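Everything on this sheet refers to the single structure shown next.
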Amino acid sequence: MSALNFTNLHPKTFLLLGIPGLETIQIWISIPFCLVYMLAILGNCTLLVIIKNDPSLHEPMYLFLSMLSVADLMITTTTLPKILSLFWFNDKEIYLEACLTQIFLIHSLTTMESGFCLAMAFDRYVAICNPLRHSAILTNVVIRNLGLAIVIWGVILLSPHPFMLWWLPYCKTNIIHHTYCEFMALIKLSCAQTKIHRTYSLSVAFFMAGLDFILIICSYVLILHTVFCLPSKEARLKTLGTCGSHVWVILTFYTPAFFSFLTHRFGHHIAPHIHIFVANIYLLIPPMVNPIIYGVKTKRIWERFLKIFMD
């Protein structure tokens, strides 16, 4: 197939190159990618089944966790099957419409994940700083409306992305140097002025992730203030222990996210395969790690997990 297939500077298909410079070993790289995908699917599906079937887990933290698990399942399914097809069968071709859909889903779902992490932080804040009103503040209606608001916000804020890319002319090439369709990767292929597009995308990413992260930090500052006012060391440790799983989830989500953002913005001299590895870690590792963190560190979930697989 010709690498160029343009109609009025608008390609019908793009070609995903994979990881530049590492094409010969992509078949080996696919092994850990496949394992990560299977663990993410198994872990999140198991977590959803446990939370659904156990009424004692129908609490705000676990309901927000189930929303995060659904987003994790969707984002891994949006990216991994095509990546594995590329690595295993050299299936590089992707239609423009499918490419733009993938971009929209990746960005909107990661925005939702960030929102769910913030909602979980709010739950911890209310549970620790205002425990007597926890059930009155976070009712099922409030939880449902918060979840719906996060989803709608993610859809609305990221909807312009595919349309911005659709209207651009692509006169350089239709080869994407990446494992999946990514906004900045397509921007680089355009022969038009894309400064506004870049600025909008980076501003949205920094505004959403940055604002959510700042609010999460503020909630934990208030939590720590409350915890250190407790009379005994045992009470402080027990209270902090209820936040441990959420803190690990935050670190696994935001660390690669901010690193990816900074390398896009300032890392012009970083090797391309490093950019792509970080981008893949950002999408693949949190969905795999989140159910493991909550499964291991939450006694009730761990007991039910053992019951499912030991019976």
Side-chain angles (χ1 to χ4, degrees), residues 40 43-44 46-48 50-51 54-72 110-140 142-144 146-147 149-150 208-259 282 285-306:
N44 284 288
T46 303
L47 193 61
L48 287 170
I50 289 173
I51 293 173
D54 190 340
S56 70
L57 293 176
H58 294 178
E59 300 175 1
M61 171 60 80
Y62 302 112
L63 294 176
F64 288 131
L65 177 60
S66 65
M67 297 177 194
L68 180 64
S69 289
V70 171
D72 285 341
T110 51
T111 299
M112 293 174 203
E113 286 179 324
S114 181
F116 294 137
C117 286
L118 175 58
M120 293 164 77
F122 178 66
D123 167 73
R124 290 298 84 204
Y125 162 73
V126 176
I128 293 172
C129 299
N130 202 352
L132 296 179
R133 297 196 61 208
H134 181 253
S135 58
I137 293 173
L138 286 171
T139 63
N140 288 336
V142 171
I143 294 167
R144 184 180 66 245
L146 273 175
I150 290 168
M208 287 305 301
L211 181 61
D212 287 350
F213 187 70
I214 289 170
L215 292 174
I216 289 171
I217 293 298
C218 289
S219 71
Y220 271 96
V221 168
L222 295 172
I223 286 170
L224 288 174
H225 178 266
T226 301
V227 167
F228 286 117
C229 289
L230 294 174
S232 68
K233 181 180 179 181
E234 183 180 350
R236 290 194 291 269
L237 291 175
K238 184 177 180 180
T239 304
L240 285 175
T242 64
C243 302
S245 299
H246 184 238
V247 170
W248 280 110
V249 167
I250 291 169
L251 291 174
T252 57
F253 178 78
Y254 284 103
T255 302
F258 282 122
F259 187 79
Y282 171 46
I285 297 302
M288 177 196 73
V289 171
N290 290 345
I292 295 174
I293 291 172
Y294 272 91
V296 171
K297 295 186 71 66
T298 306
K299 184 179 180 181
R300 282 186 290 174
I301 293 178
W302 180 244
E303 288 174 349
R304 282 146 188 81
F305 175 82
L306 291 177

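Just so you know, residue 1 is the first one in the sequence shown, and it goes up from there. Treat the numbers as computed from the prediction; the structure is a model and nothing was measured.
How far CD of E59 is from CG of L57: 7.0 Å, rounded to the nearest 0.5 Å. The structure places OG of S219 at 7.5 Å from CD1 of I217, a figure rounded to the nearest 0.5 Å. Note that the CD1 atom of I50 and the OG atom of S66 stand 12.5 Å from one another [nearest 0.5 Å]. Distance CG/L47 to OH/Y294: 9.5 Å, rounded to 0.5 Å. For the atom pair I51 CD1 and M61 CE, the distance stands at 10.5 Å (nearest 0.5 Å). Note that the OG1 atom of T255 and the OH atom of Y282 stand 11.5 Å from one another [nearest 0.5 Å].
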Tabulate below the donor-acceptor pairs under 3.5 Å that side-chain atoms of residues 118-134 make, not counting sequence neighbours, or state none.
residue	atom	partner	partner atom	Å
D123	OD1	H134	NE2	2.7

Give every donor-acceptor pair under 3.5 Å between a side-chain atom in residues 239-251 and any protein atom, sequence neighbours left out.
residue	atom	partner	partner atom	Å
T239	OG1	A235	O	2.8
T242	OG1	T239	O	2.5
H246	ND1	Y220	OH	2.7
H246	NE2	C117	O	2.9

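N44 approaches S69 most closely through the heavy-atom pair OD1-OG, 3.2 Å. The two residues S114 and D212 make their nearest non-hydrogen contact at OG-OD2, 2.6 Å. Across every non-hydrogen atom of Y62 and I301, the tightest pair is CE2-CD1, 3.8 Å.
Under the 3.5 Å distance criterion, the side-chain polar atoms of T139 are left unmatched by any main-chain donor or acceptor of S135.
Ring pair F64/F116: centre-to-centre distance not below 6.0 Å.
Between the side chains of D72 and N290, at least one donor N or O lies within less than 3.5 Å of an accepting N or O.
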Chi angles and distances behind the side chain to side chain contact (heavy atoms under 4.5 Å, CB included) call for V221, H225: CA-CA 6 Å; V221 168; H225 178 266; 5.7 Å; no

Derivation of the side chain to side chain contact (heavy atoms under 4.5 Å, CB included) call for V227 and I223: CA-CA 6 Å; V227 167; I223 286 170; 4.1 Å; yes

